[in-house]
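The structure appears right after this line, and notes come after that.
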Amino acid sequence: MPLRQRQKLAGRSDRKSASTQRGSSIGQDAQAIKSRTWLKGIGALIALAGLLSVAHLVSDRASVLDPFPGTPLKELPQFKGQHAEQLLWGTYRPGYYFGMRMRRPQSLLFGLMWLDPQRLDPLGNIRHEARQGDGLAKYGWIRHDGRTHGVQELWDQQLNITTAWAKHMRPSCGSGGDWGVSVVVADRSSQTARRKAMEQADNDEQHKEQAAGEEQPAKQKAVSLFFYMAAEDGGHIQLDIAAAAAALQSGAGQAPLRPVLSGSTQAVRRWQLHLRSFVGGGGKVLSVNYLAVATPHLHNLTDLVREGVLSSVRQQYAQGQRQYRLVLPDTVHPRSNVAIVQVTALLPLSLDLSFVGGLTDGLTDGMLAARVDAVSGSGLQHLLATGDEAFEQQFATTFGTAAGSTSIPAVSSGTAATVARAALSNMLGGIGYFFGHSLVRTTQQQHSKVVQRTAKLWDTALYSAVPSRSFFPRGFLWDEGFHQLLIRRWDAAISRDILGHWFDLMNSQGWIAREQILGEEARARVPAEYVQQAPDAANPPTFFLLLSDMSQRVAAAAKAGEWDAADLADAEFLKAAWPRLRAWYMWFNSTQAGPVPGSYRWRGREGSSQRELNPKTLTSGLDDAPRASHPSDDERHLDLRCWMALATRALAVIGSNLGLPSKQVQPFFDSAAWLEDFDQLNALHWDEASGEYRDWGSHTEDMALQQPTATLSDGRQVPVGEMQRVQTGQPPRLQLVPQFGYIGLFPLLMRLIPPSSPVLGRQLLLLRDTNRLWTDHGLRSLSQSASLYQQRNTEHDPPYWRGAIWINVNYVAVQALQHYGSLAGPYQLRAAKLHQELRRNLVQNIVKEYDRTGYLWEQYDDITGQGKGSHPFTGWTALLALMTANDL
C-alpha cells in the first residue's frame with residue numbers, strides 16, 4: 001500500500017502506538033477496501049467522473065497561463081516572521097561553486113571565482129559556474145545545516161580551496177542577519193607530492209632524506225581569487241579599492257574599519273562588505289585589481305571577468321609590455337551594480353569576507369566593529385565551530401545509527417556515516433532560490449492550421465533542492481519528491497516551505513511544469529529544446545510519498561489531544577494545500593487517462609520518430625526505459641497506474657485525517673478501492689507465463705537502428721545521414737510489452753500486491769534473479785534478458801535507464817521490501833532478507849565509489865558498480881543517508 005512510515009512519534013505512548021501500528025493499519029485499510037465488491041469500483045468511477053466533470057468545466061474556463069486561484073501557500077503564517085528572517089540569506093545559488101543570495105525576487109548576489117595562472121589556458125578555465133567539464137577532483141559540502149552554516153571543499157588540479165560560511169542572528173543585526181565567508185587556498189600539488197614521497201619512504205632511509213628534500217616545492221604557486229557583489233535591482237554598489245589594499249597589506253586579520261563594497265537595497269537597507277586577510281606560511285599578496293560595471297545581465301559574470309582581463313592585457317600590450325599580468329583593468333563605470341575585486345597572491349592565502357546589513361545612522365564605529373568582528377577572524381571561527389558541533393549533534397539525533405552504525409561496515413578510508421553526512425550536506429547546500437517565469441508551448445487553431453506559440457507564465461519564486469549542481473542546477477518535479485524524503489527528516493519546516501513553493505507553481509487547470517527554468521541564471525544552463533514546457537506533460541506525483549505521512553502525524557496528534565508546533569504546522573499546511581492537491585489529482589485523471597477504465601497513459605511519446613529505437617517517455621521520469629515499440633493511444637502504462645493508486649490513497653487519508661466532509665473524501669476512498677483492486681491490476685498488466693507485470697501497447701521486438709546508405713554511380717554503397725530505426729521482422733501488435741525492468745516492479749514498489757499472494761513470491765524471485773535485475777551493487781533498471789538491455793536509443797544517445805542502477809527506485813524497493821518483511825505471510829522472511837541484502841549492497845557501493853572518486857553519482861554501472869553520468873549528483877542519491885541509518 002502506498003503509505004510510508006518514516007518518522008516515529010516518540011515521547012507520548014499513545015502517539016508512539018499510532019506510529020508503530022501504522023504498517024498494520026495500512027494493511028487493514030487495504031483489506032477493508034478490497035472487501036468491497038467490484039461493482040463498488042464502478043460506483044467509484046462514476047463518483048470520480050462527477051468530480052472530473054466539475055474540474056473539466058473549471059479548466060475549460062481557465063487559461064493555461066493563469067496561476068491557481070487563492071492565497072499562495074508560501075504566504076502561510078508559518079513561513080513568515082522568524083522562519084523567513086532566518087532563511088533570508090543562504091547559499092541559494094547551487095549552480096555556482098560558491099554563491100549567496102537572498103530569498104527575494106530582487107536580491108543582492110555574492111559570489112567567488114578563481115583563476116589558476118599556472119594552467120596553459122587560465123582564461124579558458126576561470127572557475128565560477130559549477131560545471132562537470134571543469135574536471136575538479138572533488139567538490140562539495142562536508143557540513144551544511146540548510147540554515148546558518150556550511151563548510152565546503154573544492155579540489156582543483158593544483159589548488160585546494162575551502163569555503164566556509166556562517167550567519168550571526170541577533171536583534172542588533174540587519175534583516176537576515178550578518179554573515180561571514182572564510183576562503184582558504186592551498187597548493188594541492190605540493191601537498192600531494194609530499195604525501196606520496198613520505199609514503200614511499202616509510203621503510204627506506206635514503207628515500208626519507210629524498211622525501212624531506214621534496215617537502216619544499218620548487219616553485220611557489222599563485223592564485224587569482226575574485227569576489228563580487230551584484231544588485232539585481234540595479235542598485236549602485238560603491239567600491240573602495242584603497243580599503244581592500246589596506247586590508248590585504250595589514251595581514252594577520254587586522255584591517256581598518258572601511259568596507260570594500262557597500263550599497264543600499266530595500267530588503268536589507270544599507271549594507272557593507274568588509275575584507276580581512278590572514279597571510280602566513282610564505283604566502284604573499286601580489287596585487288589587488290577591480291572592475292565595476294552597470295549591467296542588467298548577471299548570468300554571464302564569468303564572461304565579464306574574462307573580457308575585463310583581456311581588456312587589461314590589450315592595455316598592457318599598447319603600453320609596450322611584453323609580459324602580461326592576468327588582472328582586471330581597474331575601471332569603475334558610473335552607477336555600477338556589479339563590483340568585482342581580484343586578489344592575486346602566492347599560496348597559501350586566507351581571506352575573510354564579512355557582510356553586515358540593516359545599518360542605521362545611529363550605528364557607532366564601536367557597534368559596527370563588534371558586528372564585523374562577530375563574522376570575521378576569531379568570531380567567524382567561533383560561529384563555524386559552534387555550527388559544526390550543532391550539526392554533529394543533530395545528525396546523531398536525527399539519523400541515530402548512521403553516526404555509529406556497525407550494520408553497514410566501513411569501506412576503505414571512508415565510512416558510511418561520513419558519506420551520509422556529505423550526502424545530507426550537499427542536498428541542503430544544493431537548495432536554491434529562483435525567480436522568473438516558465439515558457440510554455442501552446443497550440444491554437446487558425447483557420448485550417450494548428451499553430452504553436454511560446455507563451456510566458458506568471459513571474460513567481462521557487463525555493464527548491466536540485467538534482468545536480470554541475471548538470472541540473474534547477475528544479476525537477478519528480479526528483480523533488482524524493483529530495484523531500486530526506487529534507488523533511490532533517491528539517492520539516494524547510495521541507496514544508498519547499499512544498500509550498502512547488503504547489504504555488506500550479507496553474508488554474510491543476511498542472512505543474514515538470515522542469516522549472518526560472519530566471520536568467522537557470523535558463524543559461526539549459527539546452528534550448530528543453531526550455532519550453534508542454535502543458536499536457538505530466539511527471540510522477542512523488543510528493544504524495546510524504547504527504548500522507550504528514551497527515552498520519554496530524555491524525556495521531558488529534559487522537560492524543562497533544563499537539564506540538566510541527567504537528568500544527570503540518571495541519572495548517574495540509575488544510576491550505578488541499579484544493580491544490582485535489583486539482584493536481586484531477587488534472588492527472590483528465591489528461592493522462594488510458595484507453596480503458598482504470599488505465600493510464602503518459603502523454604508526450606513521439607510516435608513519428610525515425611531516429612529513436614524505442615521512443616522515449618520523458619514525462620514518466622524513466623526517459624528511455626523501453627515501452628511499446630510503436631506509440632499509440634492504446635497504450636496502458638503500468639507505472640503511471642501505480643502512481644495514481646498512491647495519489648488516490650494519499651488523498652483519501654489526508655482528507656479523512658483533516659476531518660473534511662465525507663462528500664469530498666469518499667470518492668477518493670472509492671477510487672482507491674478500484675485502483676488497488678488486485679484482480680483489476682492483473683487483468684490490465686499481469687503476464688502469467690513470465691510472472692512479470694508489463695505495459696500494454698502496439699509492440700514488436702523486431703526493431704533495430706540501421707545506417708541508411710546510398711548507391712554511387714559505380715555501384716558502391718556508402719552511408720548517408722543518421723541511423724534510422726527499421727522494422728526487421730514481425731509487425732507490431734497489441735500485447736504486453738516483454739521488457740522487464742523498473743516499470744515491472746511498480747506493483748511491488750507501491751505495495752499493491754497482497755502479502756499472502758503467490759504473485760508476491762514470484763516478484764521476489766524475479767527481483768533476486770541475477771540474470772534479470774539483481775546485482776551486487778543494487779537493482780539494475782532493465783533485465784539482462786531484455787532485448788533492449790544496454791542498447792543505444794539513437795546514434796547519439798547511449799542507454800540511460802536500460803541497465804544502470806538508479807538510487808531513487810532502489811530506495812523505494814528497499815522501503816517496499818521492509819514493508820513486506822514486517823507483514824505476516826508466507827514471504828515475510830524472504831522479503832526481510834532481501835531488504836537487508838539490497839540495502840547493504842547499495843550503501844556499500846555508493847560509499848566505495850564516493851571513497852574512490854570523491855562524488856555521489858547520477859547512476860551506477862550494473863556490472864562494475866562504478867559511478868556514471870552527472871556528478872556530483874546529490875539529489876536522490878543522497879537518500880543514502882536514510883538507508884545508512886535504516887530510516888525508511
Side-chain angles (χ1 to χ4, degrees), residues 82 85-91 98 100 102 108 110 112 141-153 161-185 225 227 229 240 243-244 246-262 268-281 283 285 341 343 348-360 362-394 429:
Q82 184 179 359
E85 181 78 2
Q86 190 174 62
L87 293 179
L88 178 65
W89 278 102
T91 53
F98 187 88
M100 295 189 66
M102 296 181 285
L108 281 173
F110 172 82
L112 296 176
W141 298 99
I142 57 175
R143 287 179 296 280
H144 199 300
D145 66 0
R147 287 180 176 268
T148 61
H149 112 293
V151 180
Q152 179 183 216
E153 294 179 339
I161 302 175
T162 301
T163 63
W165 73 282
K167 231 185 276 187
H168 189 223
M169 301 293 300
R170 293 193 56 182
S172 61
C173 297
S175 298
D178 300 333
W179 49 263
V181 176
S182 166
V183 185
V184 179
V185 189
L225 186 71
F227 63 88
M229 295 291 290
D240 185 346
L248 293 167
Q249 290 170 3
S250 60
Q254 303 298 317
L257 193 64
R258 290 170 57 187
V260 176
L261 302 176
S262 60
V268 296
R269 302 184 298 280
R270 284 173 48 212
W271 60 268
Q272 295 179 354
L273 185 75
H274 291 255
L275 169 66
R276 292 184 177 180
S277 72
F278 302 84
V279 179
V285 174
V341 177
V343 179
L349 174 67
S350 178
L351 301 178
D352 284 357
L353 295 152
S354 308
F355 178 93
V356 292
L359 304 179
T360 61
L363 189 70
T364 66
D365 286 348
M367 296 166 63
L368 176 61
R371 288 178 58 177
V372 173
D373 288 344
V375 287
S376 62
S378 59
L380 178 57
Q381 293 305 311
H382 174 73
L383 290 176
L384 290 171
T386 302
D388 287 349
E389 182 180 359
F391 176 88
E392 292 298 332
Q393 290 176 350
Q394 184 176 350

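- No side-chain heavy atom of Val285 sits under 4.5 Å from any side-chain heavy atom of Gln249.
- Annotation: salt bridge (Lys or Arg N to Asp or Glu O under 4.0 Å) contacts of Asp145 (sequence neighbours excluded): none.
- Atom CG of residue Asp178 and atom NE2 of residue His168 lie 7.5 Å apart, to the nearest 0.5 angstrom.
- Taking each heavy atom of Gly180 and Leu380 in turn, the nearest pair found is O-CD1, 3.8 Å.
- Between the side chains of His149 and Asp388, at least one donor-acceptor pair of N or O atoms lies under 3.5 Å.
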- Message: Set out, in order, the CA-CA distance, both residues' side-chain angles and the distance that settles side chain to side chain contact (heavy atoms under 4.5 Å, CB included) for His274 and Leu257, then state yes or no.
- Response: CA-CA 8 Å; His274 291 255; Leu257 193 64; 4.1 Å; yes
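- The side chain to side chain contact (heavy atoms under 4.5 Å, CB included) test applied to Arg258 returns Asp240, Ala242, Ala243, Pro256, not counting sequence neighbours.
- Between Arg371 and Gly358, the closest heavy-atom pair is NH1-O, 4.5 Å.
- Put simply, the side chain of Asp373 reaches to within 4.5 Å of the side chain of Arg276, judged on heavy atoms.
- Of all the heavy atoms in Val372 and Ser354, the pair that sits closest is O-OG, 4.2 Å.
- Inter-residue side-chain proximity for Arg269 and Leu359 is flagged as unmet; no heavy-atom pair is nearer than 4.5 Å.
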- I would like to know whether Arg147 and Lys167 meet side chain to side chain contact (heavy atoms under 4.5 Å, CB included); could you show each step before the answer? CA-CA 8 Å; Arg147 287 180 176 268; Lys167 231 185 276 187; 5.6 Å; no
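- Judged as a side chain to side chain contact (heavy atoms under 4.5 Å, CB included), and not counting sequence neighbours, the contacts of Leu351 are Leu225, Leu248, Leu275, Ser277, Val343, Leu349.
- To the nearest 0.5 Å, atom OG1 of residue Thr148 and atom CD of residue Gln86 are 6.5 Å apart.
- Proximity of Ile161 to Phe98: side-chain heavy atoms (C-beta onward) are nowhere separated by under 4.5 Å.
- For Thr91 and His144, the side-chain atoms include at least one donor-acceptor pair closer than 3.5 Å.
- Counting heavy atoms from C-beta on, the side chains of Leu273 and Pro259 never come closer than 4.5 Å.
- Within the 4.5 Å cutoff, no side-chain heavy atoms of Phe227 are placed close to those of Met229.
- If you take OG1 on Thr360 and CZ on Arg270, they are separated by 7.0 Å, rounding to the nearest 0.5 Å.
- Listed here is the closest heavy atom pair of Val181 and Met100: CG2-SD, 4.1 Å.
- Taking both residues in full, the closest heavy atoms of Val184 and Ser350 are given as CG2-OG, 3.8 Å, listed atom of the first, atom of the second, then distance.
- Counting heavy atoms from C-beta outward, Glu85 and Met169 have side chains that approach closer than 4.5 Å.
- You'll find the ring centres of Phe355 and Trp89 inside the 6.0 Å limit.
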